[in-house]
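Letters go in sequence order (proteins before strands), and every chain restarts at 1.
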Amino acid sequence: MAAAKALIASAPEFQAALLGWYRAHRRRLPWREEPSLYKTVVSEFMLQQTQVKTMLPYFARWLDALPGFPSLAAASEEEVVKLWEGLGYYTRARNLHKLARALVALPEMPRTRDAWLELPGIGPYTSAAITSIAFGAPAAVVDGNVVRILARLAADGTAWRDTTSAGKDLTPLADALLNHAEPGDHNQAMMELGATVCTRHNPLCTVCPVRAFCAACRAGEPEAYPKLAAKVIEARTVVRAWCRRATDGALLLHKTDSSARRLAGQHELPSAEHLGLDPSALARKDTLLATKKRGITRFSFTEPIHALEPAGLPRPISTGLVWVAPAELDGVLMSGPHRRWVRELIARA
DNA sequence: AAATCGGGGTG
DNA sequence: CACCCAGATTT
């Protein structure tokens, strides 16, 4: 592609403009103050599919509780996942825990991208990010931000299946533009540009440090790139029960087995299926307490919550159902949405 | 290649 | 509501 070729030819000028902007305008983020390998690793795991703003409070709490690889490796998985509660994609927490245990068992820290790629939770993006930032390794990151920037710079109108596929196609261009003298700052600058200037909607082209290199900006249609296939969202309904024991106010919850692939160790308000009830029998109009909505990847869930008297429970109670006293609720593992629903309904009662 | 991860922000 | 976010792993 012609635009990409011209861009690569002016790589040194592009790098200088980008790096100059980054050093003057970068946000002050916790892992950029007194940087360390541990802070870089923890931040990169939390930032997988999660925006900076969302993970900031979790990062502070995490560093406070587990300040380094040794304390993380020594912690129990239960403690680690509990600290992650609310951030979602809990496999990241389990992988970060496994990673810490793998690293402390090694004679020395791996310094190359290929060595990091062998470790748990480390893929193409994270290996490049960690080794370029912490060790100055010459590896270009390609995340959602970089895909958007490169597609616009080159005005690449390819209709991609998804971001992963686009990233694969654009990796050679990312590598060609990498600043080998400052790979860590170059990578962070690309992502910072995508997060604060070259945004998906209403990009701030007038203040962009690399607009002179951008074919999409010249054409006046930056938002046309990248061109990605539309996602198909599937709607699902889950009827849940709000069931409290009169004697001590304990709440009935369903706990998924800790070894399960999905929802491992998570507590939820029991669904009709958990209870062995017909959803339409549980979902009586006169017992509706609230209807909640949430999304996860390609699903949109609608979850009506119905009051249920303990006397209405089938006997014996199915495995996985547990009574949790109000004082114990904070200690059990629960997703962010469930935590908020339970708090709201307890307060209302 | 496509599905999964039971999150959350934003226009 | 639709789409994206400093993606990785499993099927």
Lys/Arg-Asp/Glu bridge criterion (N-O < 4.0 Å) met for K82(A), E79(A): no

Members of residues 135-146 of chain A that approach DNA chain C, where some heavy atom sits under 4.0 Å away: D143(A), G144(A), N145(A)

Partners meeting side-chain contact (heavy atoms from CB on, under 4.5 Å) with L83(A) (sequence neighbours left out): R61(A), W62(A), A65(A), L66(A)

Protein-nucleotide distance (R161(A), atom CZ; dA3(B), atom P), rounded to Å: 11 Å

Nucleic acid contacts - residues 32-46 of chain A versus DNA chain C, non-hydrogen atoms under 4.0 Å: R32(A), E44(A)

Apart from I233(A) itself, residues in the same hydrophobic cluster as defined by side-chain heavy atoms under 4.5 Å: none

Length of the line joining R294(A):CZ and dG7(B):P, which is rounded to integer Å: 5 Å

Touch class at under 4.0 angstrom, heavy-atom based, for R92(A) against every strand present: nothing

Results of side-chain contact (heavy atoms from CB on, under 4.5 Å) for S271(A) - residues two or more places apart only: V238(A), R240(A), E273(A), H274(A)

Between dC4(C) (C1') and E223(A) (CD): distance, integer Å: 13 Å

Between dG7(C) (C1') and I130(A) (CD1): distance, integer Å: 12 Å

P-based separation of dG7(C) from dT10(B) [nearest Å]: 16 Å

Distance in angstrom units between D162(A) CG and dA2(B) P, rounded: 8 Å

Fellow cluster residues of V239(A), listed by chain then number, with links counted only when side-chain atoms sit under 4.5 Å apart: L252(A), L275(A), L277(A), L282(A), L308(A), L313(A), I317(A), L321(A), W323(A)

Closest contact, heavy atoms only, E85(A) versus Y58(A): O-CE2, 3.2 Å

Donor-acceptor pair (no angle test) under 3.5 Å: Y89(A) side chain, dG7(B) base: yes

CD (E33(A)) with more than 12 external heavy atoms under 6.0 Å: yes

Within 6.0 Å of CZ in R245(A), more than 12 heavy atoms from elsewhere: yes

Shortest non-hydrogen separation from V147(A) to L170(A) and the atoms involved: O-CD1, 3.7 Å

Could you list the protein-to-nucleotides 9-11 of chain C atom pairs, N/O on both sides, closer than 3.5 Å?
unit_1 : atom_1 : unit_2  : atom_2 : d
dT9(C) : OP1    : G121(A) : N      : 2.5

Listed partners of R218(A) passing side-chain contact (heavy atoms from CB on, under 4.5 Å), at least two apart: A215(A)

dT9(C) and dG8(B), which share atom name P, separated by this distance in whole Å: 22 Å

By ring pair (Phe, Tyr, Trp, His ring centres under 6.0 Å) - contacts of F69(A) (at least two apart): Y38(A)

Non-neighbouring partners of S132(A) that pass side-chain contact (heavy atoms from CB on, under 4.5 Å), sequence neighbours left out: P183(A), N187(A)

Distance, rounded to the nearest Å, where K293(A) contributes NZ and dG7(B) contributes C1': 16 Å

Atom pair distance, as rounded to whole Å: CH2 in W116(A) and C1' in dG7(C): 16 Å

Sugar-phosphate only, base, or nothing, as touched by R26(A) at under 4.0 Å among non-hydrogen atoms: nothing

Between dC3(C) (C1') and E234(A) (CD): distance, integer Å: 18 Å

Candidate nucleotides dA6(C), dT4(B), dG7(B), ranked by approach to the side chain of R298(A) - the nearest: dT4(B)

Proximal nucleotide (of dG7(B), dG7(C), dA6(C)) relative to the Q48(A) side chain: dG7(C)

Side chain to side chain contact (heavy atoms under 4.5 Å, CB included) evaluation trace for V80(A) with R94(A): CA-CA 7 Å; V80(A) 166; R94(A) 296 192 168 88; over 6 Å; no

Out of dG7(C), dA1(B), dA6(C), whichever nucleotide has its closest atom nearest the side chain of T126(A): dG7(C)

Side-chain polar contacts of residues 342-349 of chain A - donor-acceptor pairs under 3.5 angstrom, sequence neighbours left out - could you list them?
unit_1  : atom_1 : unit_2  : atom_2 : d
E344(A) : OE1    : K292(A) : NZ     : 2.8
E344(A) : OE2    : K292(A) : NZ     : 3.2
E344(A) : OE2    : R348(A) : NH2    : 3.3
R348(A) : NH1    : L289(A) : O      : 2.9

Side-chain touch H338(A)/L269(A), heavy atoms, less than 4.5 angstrom: yes

Short heteroatom pairs, N/O only, protein and nucleotides 8-11 of chain B, under 3.5 Å:
unit_1 : atom_1 : unit_2  : atom_2 : d
dG8(B) : OP1    : G86(A)  : O      : 2.9
dG8(B) : OP2    : R340(A) : NH2    : 3.2

dG11(B) versus dA6(C) - spacing of their P atoms, nearest Å: 14 Å

